[in-house]
Amino acid sequence: MNIAAKIRARRDQARTRRAVMRAIDAAATPALRHELIVIAQARSNGLR
């Protein structure tokens, strides 16, 4: 993986992280917020 691809991948991860955080903050109910957190945690474990 070259440097440009690494930079793009980091930007994509940061963009996704910000979008997930916005969705969690805007969740209508605590149950939905918890569900989004669980999904985000499961995804992050799969990415590492």
Side-chain angles (χ1 to χ4, degrees):
M1 185 179 249
N2 64 20
I3 292 178
K6 286 182 181 181
I7 292 171
R8 271 194 300 275
R10 276 182 89 85
R11 280 191 200 142
D12 288 343
Q13 288 175 347
R15 188 177 305 121
T16 301
R17 193 177 321 111
R18 284 192 305 268
V20 168
M21 293 306 294
R22 267 188 255 120
I24 290 169
D25 289 341
T29 64
L32 179 58
R33 185 177 301 116
H34 184 264
E35 191 73 24
L36 289 170
I37 291 169
V38 169
I39 291 168
Q41 287 174 341
R43 260 192 91 203
S44 70
N45 287 340
L47 293 175
R48 291 182 183 173

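Residues satisfying the side chain to side chain contact (heavy atoms under 4.5 Å, CB included) criterion with R33, sequence neighbours excluded, are I24, A27, P30, I37. Checked against side chain to side chain contact (heavy atoms under 4.5 Å, CB included), D25 has no partners two or more places apart in sequence or in another chain.
In this structure, the separation between CD1 on I3 and NZ on K6 is 7.0 Å, given to the nearest 0.5 Å.
Side-chain atoms of R15 and R18, non-hydrogen and from C-beta on, do get closer than 4.5 Å to each other.
When hydrophobic clusters are built by joining Ile, Leu, Val, Met, Phe, Trp and Tyr residues whose side-chain heavy atoms come closer than 4.5 Å, directly or via intermediates, V20 is grouped together with L32.
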